[in-house]
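Side chains included, hydrogens not; waters and symmetry mates left out as well; all remaining heavy atoms used.
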Amino acid sequence: MVPKFLLFFCGAAAALVAPHPKRACVAARPSVALPDADVAAVPGDGEADRPPELEASGPAPATLATPFRAGFVGVVGSPNVGKSTLTNALLGQDLCITNSKAQTTRHRILGVANGDGYQLVLSDTPGILCDPAYALQSTMMTAAKAAARDAECVLFVTDVFEDPEVVAESAAWLDAQLASRAGDEPKPPVVVALNKVDLLGVDDDGYPLLGEASEPGLPESAALFDDEYFTDRPSRFFAAEIIREKILAQFAKEIPYSCEVRIDRFKEDLELKGRPFVNIDAAVLVARDSQKGILVGKRGAAIKAIGVAAREHLETFFDAKVHLALRVKVSKDWRADEGKLKAMGYPVAGR
């Protein structure tokens, strides 16, 4: 379901005419083109010292009166307010996993949305935690901070039911990140998206305008990425996320928050009976021995159900036949171990 939003625009776009220092960093990352990604159909969605790969690679502006704009948009807000749902809607495809449980997103995930006269380089982020409880949450906040500091426009998401004190805390957190930007780099404009307005009987829907609302805050620029470029994350990352999404859907309480999925083998570009084939071996890591038994279930029923649901989703995602082998392993207190977190691909806290 496409979310319904009301929009509020804060800040002046004129402050963002200078080239952005972070542009070269993302362009060097590997990309994955997802099957049938129709990002061009999303509704409304520094020139000095720029490397050659960031020169004009996408659509040129149609007229001089409507210059093409492109830039980085950080999608930030408290946990469970709809950031990933909004990001997916703007991209036109489910790139980020979603769930009603808080803290579903653990990583910064970049996705590129192309609109009429603009290109949004969106960063979905973990929900803001002003007081992280353990190392995993600290690394999640490292990712969120980086997205806020790198942004040329910020999309701040909240919803009509969020506690005003929590909104204020998240807004103060964001303001602190923007104030810590390097040197005299100006603060970006902020677009506030108020989610779930339909539940209050409000008919107005700002979703189709989200792209246009973010676009004026971006610098005039050629597209930063080719039309085929969709995300900076590799295929195996999304395989792990899809498996974790099924764990979130099947379990409650501490189990989803104590699990991490590690892809031990990922082979694509294979073929089986004339059809594309992907072979995946994955380990579900838990923090304690007692959690392993719960995740496996009686006679392996629980882990089998996760595997079936994940395989079906993976086959749709990759548009291929998928063989998925799952096992459960204990990695003692991995959420509190920065060394283990770094090996799992989480950013080092404080960087």
Side-chain angles (χ1 to χ4, degrees), residues 1-5 7 32 34 37 39 42-43 45 72-113 120-129 136-137 139-148 150-151 153-162 166-167 170 173-174 191-199 206-207 210-211 213-214 230-233 237-249 256-257 259-261 309-310 313-314 316-317 345-347:
M1 177 181 290
V2 175
K4 284 197 171 184
F5 294 86
L7 300 179
V32 55
L34 301 183
V39 296
V42 176
D45 266 333
F72 298 94
V73 179
V75 184
V76 303
S78 304
N80 207 27
V81 293
K83 298 182 299 299
S84 297
T85 302
L86 171 58
T87 301
N88 288 341
L90 287 170
L91 293 172
Q93 186 160 331
D94 289 343
L95 183 69
C96 312
I97 65 172
T98 59
N99 190 274
S100 59
K101 296 181 177 68
Q103 300 174 38
T104 295
T105 302
R106 291 178 175 173
H107 298 268
R108 175 184 180 181
I109 302 174
L110 181 147
V112 179
L120 307 181
V121 185
L122 299 158
S123 284
D124 186 30
T125 62
I128 296 169
L129 299 170
L136 172 61
Q137 290 187 346
T139 65
M140 290 161 59
M141 289 305 92
T142 298
K145 289 175 182 177
D150 292 352
C153 180
V154 174
L155 191 55
F156 182 83
V157 185
T158 182
D159 70 43
V160 294
F161 300 111
E162 188 174 8
V166 176
V167 177
S170 295
W173 177 94
L174 174 60
V191 177
V192 179
L194 182 61
N195 193 9
K196 303 178 184 176
V197 295
D198 51 313
L199 300 181
Y207 161 69
L210 278 170
S214 301
F230 194 53
T231 181
D232 62 334
R233 295 286 183 170
F237 170 84
F238 294 106
E241 286 287 274
I242 288 170
I243 296 167
R244 190 167 65 84
E245 183 180 45
K246 305 314 169 188
I247 297 172
L248 283 162
Y257 301 103
C259 291
E260 175 68 11
V261 178
H313 190 161
L314 288 164
T316 300
F317 189 85
Y346 289 95

(message) Listing request: all salt bridge (charged side-chain N to carboxylate O under 4.0 Å, His left out) pairs with a residue in residues 95-107, at least two apart in sequence or in separate chains.
(response) Arg106-Glu260

(message) With side-chain contact (heavy atoms from CB on, under 4.5 Å) as the criterion, how do Val121 and Val73 come out once you've worked through the C-alpha distance, each side chain's angles and the decisive distance to 0.1 Å?
(response) CA-CA 6 Å; Val121 185; Val73 179; over 6 Å; no

(request) Mind checking side chain to side chain donor-acceptor pair (under 3.5 Å) for Lys145 and listing every partner two or more places apart, or none if nothing turns up? (result) none

(request) Using the side-chain contact (heavy atoms from CB on, under 4.5 Å) rule, take Ile109 and Leu95 through it: C-alpha gap first, then chi angles, then the decisive distance, then the call. (result) CA-CA 8 Å; Ile109 302 174; Leu95 183 69; 4.0 Å; yes

(request) Decide yes or no on salt bridge (charged side-chain N to carboxylate O under 4.0 Å, His left out) for Arg108 and Asp150, but give the supporting numbers first. (result) CA-CA 12 Å; Arg108 175 184 180 181; Asp150 292 352; 3.1 Å; yes

(message) Under a 3.5 Å distance rule, please check whether Asn195 uses its side chain to pair with a backbone N or O of Val81 as donor and acceptor.
(response) yes

(message) Under the rule for side-chain contact (heavy atoms from CB on, under 4.5 Å), what residues qualify as partners of Ser84, not counting sequence neighbours?
(response) Cys96, Thr98, Thr105, Asp124

(message) Has Arg244 got a side-chain atom pairing as donor or acceptor with Pro256's backbone, closer than 3.5 angstrom?
(response) no

(request) Looking only at non-hydrogen atoms, find the nearest pair between Ala310 and Ile242 and report the distance. (result) O-CG2, 4.1 Å

(request) Report yes if the side chains of Val191 and Phe156 come closer than 4.5 Å at any heavy-atom pair, otherwise no. (result) no

(request) Write out all pairs satisfying ring pair (Phe, Tyr, Trp, His ring centres under 6.0 Å) with one or both partners inside residues 86-107, taking only residues at least two apart or from two chains. (result) His107-Phe237, His107-Tyr346

(message) Just to verify, what does Glu245 make a salt bridge (charged side-chain N to carboxylate O under 4.0 Å, His left out) with, not counting sequence neighbours?
(response) none

(request) Could I get the full list of side chain to side chain donor-acceptor pair (under 3.5 Å) partners for Asn88, not counting sequence neighbours? (result) none

(message) Quick one: does any side-chain atom of Thr142 pair with a main-chain N or O of Pro347 as donor and acceptor, under 3.5 Å?
(response) no

(request) Rounded to the nearest 0.5 Å, what's the gap from CD on Glu241 to CG on Leu248? Could you check? (result) 9.0 Å

(request) Report the residues that fulfil side chain to side chain donor-acceptor pair (under 3.5 Å) with Ser78, sequence neighbours left out, ordered by chain and then residue number. (result) Glu162, Ser170

(message) Just verifying a value: how many Å separate Ile243 CD1 and Leu314 CG, rounded to the nearest 0.5 Å?
(response) 6.0 Å

(request) Evaluate the side-chain proximity of Leu155 to Leu86: yes if any heavy-atom separation is below 4.5 Å, no if none is. (result) yes

(request) Using the test side-chain contact (heavy atoms from CB on, under 4.5 Å), find all partners of Ala144 that sit at least two apart in sequence or belong to another chain. (result) Thr125, Pro126, Met141, Trp173

(request) I would like to know whether Val76 and Val157 meet side-chain contact (heavy atoms from CB on, under 4.5 Å); could you show each step before the answer? (result) CA-CA 6 Å; Val76 303; Val157 185; over 6 Å; no

(request) Return the minimal non-hydrogen interatomic distance between Val112 and Leu110, and the atom names on each side. (result) CG2-CD2, 4.1 Å

(message) Just verifying a value: how many Å separate Ile97 CD1 and Phe238 CZ, rounded to the nearest 0.5 Å?
(response) 10.5 Å

(request) Taking all non-hydrogen atoms of both residues into account, name the closest pair between Asp159 and Asn80 and its distance. (result) OD2-O, 3.9 Å

(message) Using 0.5 Å steps for rounding, measure from the CG atom of Asn99 to the CD1 atom of Ile247.
(response) 11.5 Å

(request) Nearest 0.5 Å please: distance from the CG atom of Leu120 over to the CG atom of Leu91. (result) 9.0 Å

(message) Looking at every non-hydrogen atom in both residues, tell me the closest pair between Phe317 and Asp94 and how far apart they are.
(response) CE1-O, 3.8 Å

(message) Rounded at 0.5 Å granularity, tell me how far CG in Leu122 sits from CZ in Phe72.
(response) 11.0 Å

